[in-house]
Amino acid sequence: MDVIELLPRLHLLRFPVGQAYLWRDGREGHDDGLTLIDAGPAGSGTPIARALAALGRHPRDVRRIVLTHFHEDHAGGAAEVAALTGAEVLAHRLDAPHVLGDVPGPPPVFEDWERPLHERAVRLLPPPDFEHPGQVTELLDGDVLDLGGGAHVVHVPGHTHGSIALHLPRHGVLFTGDTVAASPVDGTVMPGVFNLDRRQVVTACHRLAALDAEVACFGHGDPVTARAARALRAAADGADEAAAEGTHDGPDEGGPVGR
């Protein structure tokens, strides 16, 4: 697992498929703990613990795990990480039953060009019979979490019914989950793949662009660390134009993979 510093209080944790983010609260001499945004696939507990140790931190420093959606490359490691850290697990009310394993989640509605990408992703992921958290705190649109000076929950259905973004306006940081992705080929920002409703995803991209974030952290692909709102707006406008023209081509070979 790669650990990449994006900001002094923000690190990217990159897995073979997908990524999570570690946010540190507190100012000099005052430590208010850590938050994980997503938890990676099953088996991520040990790599995350090692990453924390390399940063001079202990697993018990993690106070909460905010899941952007229920897919296993983002929530599969939640139970293991919660057991190691004692952290609270949070997810949108509509995705919480799937995170808990009470109800199977609905499968994506694939575009034809997405199928080979998905097959590649599945080969890189552990088997889907992973442990689920025993408890999940349910979130709703507009909730404000006590991190980053107030983290606003933004419900962005489309990738899943309960997909969320997390906006930290005080710091200009936006975690988009899989609503938005960046191509590993050239970094092009684009609506995410493997969705339930692509039109909803594009609408969500417009909503996220309007937040005027400076930094955007995606579920797949390199984050944008400057003028992120401009990149999000271009991605949403480009998707609108492609839909109007009836062209819906996917990314280049090697484009975003994940669920």
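This chain uses plain numbering: 1 for the first residue, then up along the sequence.
A continuous path of Ile, Leu, Val, Met, Phe, Trp and Tyr side chains, each step under 4.5 Å between heavy atoms, connects V156 with V180, placing both in one hydrophobic cluster. Under the 4.5 Å side-chain contact rule for hydrophobic residues, F15 and L12 do not share a cluster. Cluster membership for I164 and V173, using ILVMFWY side-chain heavy atoms within less than 4.5 angstrom, is shared. With hydrophobic clusters built from ILVMFWY side chains whose heavy atoms lie under 4.5 angstrom apart, I37 shares a cluster with I4. With hydrophobic clusters built from ILVMFWY side chains whose heavy atoms lie under 4.5 angstrom apart, M190 does not share a cluster with L232.
The backbone N or O of R227 sits less than 3.5 Å from a side-chain atom of E214, completing a donor-acceptor pair. Judged by distance alone, the side chain of H159 and the main-chain N or O of V193 form a donor-acceptor pair under 3.5 Å. At distances below 3.5 Å, not a single donor-acceptor pair connects side-chain atoms of N195 with backbone N or O atoms of R198. Formation of a donor-acceptor pair under 3.5 Å by the E138 side chain with backbone atoms of A96 is not found in this model. Here the side chain of E80 pairs no donor or acceptor atom with the backbone of G77 at under 3.5 angstrom. A donor-acceptor pair is defined here as one N or O able to donate and one able to accept, closer than 3.5 Å; such a pair exists between the side chain of H58 and the backbone of R60. Judged by distance alone, with hydrogens and angles left aside, the side-chain atoms of H98 form a donor-acceptor pair with the main-chain N or O of V103 at under 3.5 Å.
Between P126 and A42, the closest heavy-atom pair is CG-O, 3.4 Å. For G40 against A20, the heavy-atom pair with the smallest separation is N-CB, 4.5 Å. Nearest heavy atoms, D222 versus R14: OD1-NH2, 2.7 Å. Minimum interatomic distance between Y21 and G221 (heavy atoms only, all atoms of both residues): OH-O, 4.4 Å. When all heavy atoms of G45 and V81 are compared, the pair lying nearest together is CA-CG2, 4.0 Å. Between G148 and L168, the shortest heavy-atom contact is CA-CD2, 3.9 Å.
Ring geometry for H71 against H69 counts as perpendicular: the plane angle is over 60°, on a 0 to 90° scale with 30° as the lower cut.
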>> Pair R24, L10 - check side chain to side chain contact (heavy atoms under 4.5 Å, CB included), show working.
In response: CA-CA 6 Å; R24 176 182 60 80; L10 175 62; over 6 Å; no

>> For a side chain to side chain contact (heavy atoms under 4.5 Å, CB included) check, start with the C-alpha distance between L67 and V89, then their side-chain angles and the critical distance, and finish with the verdict.
In response: CA-CA 7 Å; L67 301 176; V89 179; 3.7 Å; yes

>> Please evaluate residues R120 and R115 with respect to the criterion side chain to side chain contact (heavy atoms under 4.5 Å, CB included), reporting the C-alpha separation (whole Å), side-chain torsions for both, the decisive distance (0.1 Å), and the verdict.
In response: CA-CA 9 Å; R120 284 172 43 207; R115 294 183 186 278; over 6 Å; no

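Side-chain contact between W23 and L147 is present, with heavy atoms from C-beta onward closer than 4.5 Å. Proximity of V66 to L36: side-chain heavy atoms (C-beta onward) are nowhere separated by under 4.5 Å. Side-chain contact between L166 and L145 is present, with at least one heavy-atom pair separated by less than 4.5 Å. Looking at P106 and L196, their side chains come closer than 4.5 Å, going by heavy atoms from C-beta outward. When side chains are defined from C-beta on, V153 does not count as touching L140, because their heavy atoms never get closer than 4.5 Å. You'll find the side chain of F70 stays beyond 4.5 Å of the side chain of L94, heavy atoms only. Counting only heavy atoms from C-beta outward, the side chains of D197 and P157 never approach each other to under 4.5 Å. Contact of the I65 side chain with the L90 side chain is not registered, since no non-hydrogen atoms from C-beta on lie closer than 4.5 Å.
Separation of atoms CG (D73) and CG (D38) is listed at 8.5 Å; rounding is to 0.5 Å. In this structure, L13 CG and M1 CE are separated by 4.5 Å, a value rounded to the nearest 0.5 Å. Of the inter-residue distances, the one linking L6 atom CG with T225 atom OG1 reads 7.5 Å to the nearest 0.5 angstrom. Annotation: the span from F218 atom CZ to S183 atom OG amounts to 11.5 Å, rounded to 0.5 Å. The distance from atom CD of E5 to atom CG of L55, rounded to the nearest 0.5 Å, is 8.5 Å. The CG atom of D61 sits 10.0 Å away from the OG1 atom of T85 when rounded to the nearest 0.5 Å.
Side-chain atoms of D143 and H152 form no donor-acceptor pair, as typed in the model, at a separation below 3.5 Å. When only modelled atom types and interatomic distance are considered, S163 and T160 share a side-chain donor-acceptor pair under 3.5 Å. Checked by atom type, the side-chain pair D95/H161 shows no donor-acceptor distance below 3.5 Å.
Only one option out of R57, R9, R63, R64 pairs with L34 in a side-chain contact (heavy atoms from CB on, under 4.5 Å); it is R57. When each of L84, L52, I48 is paired with V62, the side-chain contact (heavy atoms from CB on, under 4.5 Å) condition holds for L52 and for no other.
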Would you list the atom pairs, donor with acceptor, under 3.5 Å between side chains in residues 201-213 and any protein atom, with sequence neighbours excluded?
unit_1	atom_1	unit_2	atom_2	d
T203	OG1	R199	O	3.1
H206	NE2	D240	OD2	2.6
R207	NH1	D141	OD1	3.3
R207	NH1	H155	O	3.0
R207	NH2	D141	OD1	3.2
R207	NH2	D141	OD2	3.4
D212	OD1	R233	NH2	3.1

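Atom CG of D102 sits in a crowded spot, with more than 12 heavy atoms from other residues, nucleotides or ligands closer than 6.0 Å.
Checked against the 6.0 Å centroid criterion, the rings of H118 and W113 do not qualify as a close aromatic pair.
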